[in-house]
Amino acid sequence: QVQLVESGGGLVQAGGSLRLSCAASGRTFSGYAMGWFRQAPGKEREFVAAISWSGTSTDYKDSVKGRFTISRDNAKNTVYLQMNSLKPEDTAVYYCAADLNIYRSAANWESWGQGTQVTVSS
């Protein structure tokens with residue numbers, strides 16, 4: 001089990017940028033893929049982005065590709081989500097997740113953070 005804590009959420013205007021961070025602790029981080037998911041009110045938690053342990057493989061939801069960038073610093077046990085050109089439809093609680101594998105479905109991920117709110121005004 002990995003303990004994850006997200007930070008960096010907030011209120012931004014459409015077109016603005018925000019960087020989310022996810023700090024891991026509690027167990028060995030080595031070998032784990034990391035993902036970002038989001039959940040808006042009344043909707044299911046959806047996949048946003050994921051990155052392999054090495055950082056050489058990434059995957060993105062189509063609607064955020066080209067705008068969001070996932071990265072990681074394994075020396076700091078931290079994963080980031082750089083969000084540019086934000087849109088009102090990006091408004092959601094953003095969660096980070098960890099697992100030995102990458103999945104599109106949120107149900108398959110082993111460990112989760114508590115979430116951080118991102119609100120994009122129109």
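Count residues from 1 along the sequence. Both backbone and side-chain heavy atoms feed into the values below; hydrogens, waters and symmetry mates do not.
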### Query
With side chains defined as the heavy atoms from C-beta onward, is the minimum distance between Y95 and C22 less than 4.5 Å?
no
#### Entry: Close side-chain approach of R104 to D59, heavy-atom, < 4.5 Å
yes
### Message
Is any side-chain heavy atom of W109 closer than 4.5 Å to one of F37?
### Response
yes
### Summary
Output for pair (N77 CG, M34 CE), nearest 0.5 Å, gives 9.5 Å
### Message
Set out, in order, the CA-CA distance, both residues' side-chain angles and the distance that settles side chain to side chain contact (heavy atoms under 4.5 Å, CB included) for E46 and Q39, then state yes or no.
### Response
CA-CA 6 Å; E46 67 177 3; Q39 188 167 19; over 6 Å; no
### Task
Could you tell me whether the side chains of Y103 and N101 share a donor-acceptor contact shorter than 3.5 Å?
yes
### Query
Are L100 and I102 joined in one hydrophobic group, where the rule is that I, L, V, M, F, W and Y side chains link up if heavy atoms are under 4.5 Å apart?
no
### Message
Main chain of T119, side chain of T91: is a donor-acceptor contact present, judged purely on distance under 3.5 Å?
### Response
no
### Message
Can you see whether W112 has R45 sitting over its ring - NZ or CZ less than 6.0 Å from the centre and within 45° of the normal?
### Response
yes
### Least distance between heavy atoms, G9 atom then L20 atom
N-CD2, 3.6 Å
### Query
What distance separates Y60 OH from F47 CZ, expressed to the nearest 0.5 Å?
9.0 Å
#### Entry: Derivation of the side chain to side chain contact (heavy atoms under 4.5 Å, CB included) call for L4 and Q114
CA-CA 8 Å; L4 305 172; Q114 84 290 347; over 6 Å; no
### Between D73 and T78, a side-chain donor and acceptor under 3.5 Å
no
### Task
Write down the atom of S17, the atom of S85, and the distance for their closest heavy-atom approach.
OG-N, 4.3 Å
### Summary
CD (E6) and CG (L81) are apart, to the nearest 0.5 Å, by 11.0 Å
### Message
Closer than 3.5 angstrom, by distance alone: can the side chain of N74 be matched with the main-chain N or O of W53 as a donor-acceptor pair?
### Response
yes
### Query
How far apart are the C-alpha atoms of V79 and C96, what are their side-chain angles, what is the distance that settles it, and do they pass the side chain to side chain contact (heavy atoms under 4.5 Å, CB included) test?
CA-CA 8 Å; V79 177; C96 64; 5.9 Å; no
### Query
Taking all atoms of both residues into account, what is the closest heavy-atom pair of F68 and V48, and its distance?
CD2-CG1, 3.8 Å
### Query
Going from CD1 on I51 to OG on S57, what distance comes out if it is rounded to the nearest 0.5 angstrom?
8.5 Å
### Message
If you define the side chain from C-beta out and look only at heavy atoms, does anything of T116 sit under 4.5 Å from S7?
### Response
no
### Message
Any heavy-atom pair between the side chains of R67 and K87 that's under 4.5 Å?
### Response
yes
### Query
Could you give the distance from NZ (K65) to OG1 (T58), rounded to the nearest 0.5 Å?
8.0 Å
#### Entry: Test item: S52 side-chain N/O and A33 main-chain N/O as donor-acceptor pair under 3.5 Å
no
#### Entry: Flag for Y94-R38: side-chain donor and acceptor within less than 3.5 Å
yes
#### Entry: side chain to side chain contact (heavy atoms under 4.5 Å, CB included) between D90 and V118, worked out
CA-CA 8 Å; D90 295 318; V118 172; 5.5 Å; no
### Task
Could you grab the distance from atom CE of M83 to atom CG of L18, nearest 0.5 Å is fine?
4.5 Å
### Query
Side-chain contact, heavy-atom cut-off 4.5 Å: Y80 with I70?
no
### Message
Counting C-beta onward and ignoring hydrogens, is there a side-chain heavy-atom pair between N84 and L86 closer than 4.5 Å?
### Response
no
### Query
So do Q82 and S71 actually touch side chain to side chain, heavy atoms under 4.5 Å?
no
